[in-house]
Amino acid sequence: MTGGGHELPITSNADVVAVRQRVRTLAVDVGLSLVDQTKVVTAASELARNALVYAGGGRASVEIVDNGLRRGLRLSFVDEGPGIPDVEQALTDGWTTGSGLGLGLGGSRRLVDEFELTSAPGKGTTVTVTKWAR
Amino acid sequence: MERVPILKLGDILIISIQVDLEDQSVLALQEDLADRVVSTGARGVIIDITAVEIVDSFIGRMLATIAAMSRMLDAETVVVGMRPAVAITLVELGLSLGGVRTALDLEKGVALLEHTRSTSR
């Protein structure tokens, strides 16, 4: 069973805040612990900002998922930006093409249970992460 | 855009972040604070993040930048009130905020600044 699907645009800094708030609300609904809520909201903030900064914007979708044993939160961040030529390099801490700290992707991966990144130059980037309630 | 008020108490400036800040507001705060440190001659800056639910890499960098900037302007910065879940998340994210001094609450932050000043005299 899945539900609570929400599509959110990411076109401004205010949208990044809106994504954080929506993820927070659903993380509470799905029963994540306070620490896990904080982790998934932080990951959402990093990934939403990445879409804005590196691709000029994109969209986020947030849904509640259920694998039969546990409920969780699945977030997707989709952009049609320049894409990432070298995904392994992009996931390395400290590596950035922008002005950030280079912690967004690698850091987000550590904050969630499942992390999937698909990207190709010129084709945009999709990052999907899942956090399960314990 | 939200603007965060900067309060002055003696020679300490106090900022309490109470809302979920947009990136633009964070950058504005850095600039406002640098101006206020110079115009007031403050020797200490306290940033209260008791109400802050998440610190991502952007906010983390803001805290480190304010600490470094204030130091160059002859003021010490202390971040107070970090929630336990925020501390756990920051470490996992890879941000240890090495150059930033912290205290558990406002009272301990003020005491830390006073202690620093009395020992550096």
Side-chain angles (χ1 to χ4, degrees), chain A residues 10-25 27-28 32-54 57 75 77 91-96 98-113 115 129 131 134, chain B residues 1-4 16-32 34 47-69 77 79-100 102 104:
Chain A
I10 306 170
T11 56
S12 67
N13 286 314
D15 289 341
V16 175
V17 175
V19 168
R20 285 202 290 259
Q21 288 168 350
R22 168 59 65 187
V23 171
R24 161 77 63 184
T25 304
V28 173
L32 293 183
S33 71
L34 183 58
V35 170
D36 285 346
Q37 288 169 29
T38 306
K39 286 181 182 180
V40 76
V41 175
T42 304
S45 185
E46 299 292 338
L47 296 171
R49 184 180 296 104
N50 273 357
L52 184 63
V53 171
Y54 294 99
L75 319 174
F77 298 84
L91 283 165
T92 308
D93 278 358
W95 193 88
T96 179
S99 57
L101 294 170
L103 290 172
L105 278 180
S108 304
R109 181 164 64 169
R110 286 190 293 273
L111 294 175
V112 296
D113 298 317
F115 182 98
V129 301
K131 189 81 181 168
R134 281 169 219 294
Chain B
M1 190 176 79
E2 301 269 359
R3 269 200 128 77
V4 181
S16 186
I17 300 174
Q18 299 288 332
V19 292
D20 195 343
L21 288 178
E22 278 181 35
D23 293 359
Q24 286 307 316
S25 307
V26 169
L27 296 176
L29 174 59
Q30 280 175 205
E31 291 174 18
D32 290 350
I47 306 172
D48 168 44
I49 58 168
T50 310
V52 174
E53 292 181 335
I54 68 145
V55 174
D56 61 12
S57 63
F58 196 84
I59 304 278
R61 184 166 56 154
M62 180 262 298
L63 297 174
T65 302
I66 286 179
M69 190 185 73
T77 301
V79 172
V80 305
M82 186 182 292
R83 298 180 178 199
V86 168
I88 292 169
T89 301
L90 267 178
V91 171
E92 215 148 303
L93 186 64
L95 263 183
S96 53
L97 296 183
V100 181
T102 58
L104 289 183

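Proteins come first, then strands; the chains are lettered A, B, ... in the order of their sequence lines, and each starts at number 1. Every value quoted in this text rests on a predicted model; they were computed, and no experiment measured them.
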Seminar exercise, completed: Sequence neighbours excluded, the answer for side-chain contact (heavy atoms from CB on, under 4.5 Å) partners of V19(B) is E2(B), L21(B)
Exercise. With sequence neighbours excluded, what pairs up with A68(B) under the side-chain contact (heavy atoms from CB on, under 4.5 Å) test?
Worked result: none
Seminar exercise, completed: Honestly, the part of S108(A) sitting under 4.5 Å from a heavy atom of chain B is backbone
Exercise. Out of T89(B), D56(B), I88(B), which one pairs with L111(A) under the side chain to side chain contact (heavy atoms under 4.5 Å, CB included) rule?
Worked result: T89(B)
Seminar exercise, completed: Here the pair of heavy atoms bringing A14(A) nearest to E22(B) is CB-OE2, 3.5 Å
Problem set entry | Considering all heavy atoms, the nearest E92(B)-R110(A) contact | O-NE, 2.6 Å
Problem set entry | Minimum heavy-atom distance L93(B)-T42(A), with the two atoms named | CD2-CG2, 4.1 Å
Exercise. Got Q21(A) and D20(B) here, is their nearest side-chain heavy-atom distance under 4.5 Å?
Worked result: yes
For this session: Residue by residue, scan residues 80-87 of chain B and write down, ordered by number, those that have a heavy-atom distance under 4.5 Å to chain A; if none do, write 'none'.
Result: A85(B), V86(B)
Exercise. Does anything in residues 44-52 of chain A get under 4.5 Å of chain B by heavy atoms, and if so which residues?
Worked result: S45(A), E46(A), R49(A)
Exercise. Hey, does Q37(A) have a side-chain heavy atom less than 4.5 Å from the side chain of I54(B)?
Worked result: no
For this session: Heavy atoms only, distances under 4.5 angstrom: which of L34(A), T38(A), V16(A) has the most pairs with chain B? Name it, please.
Result: T38(A)
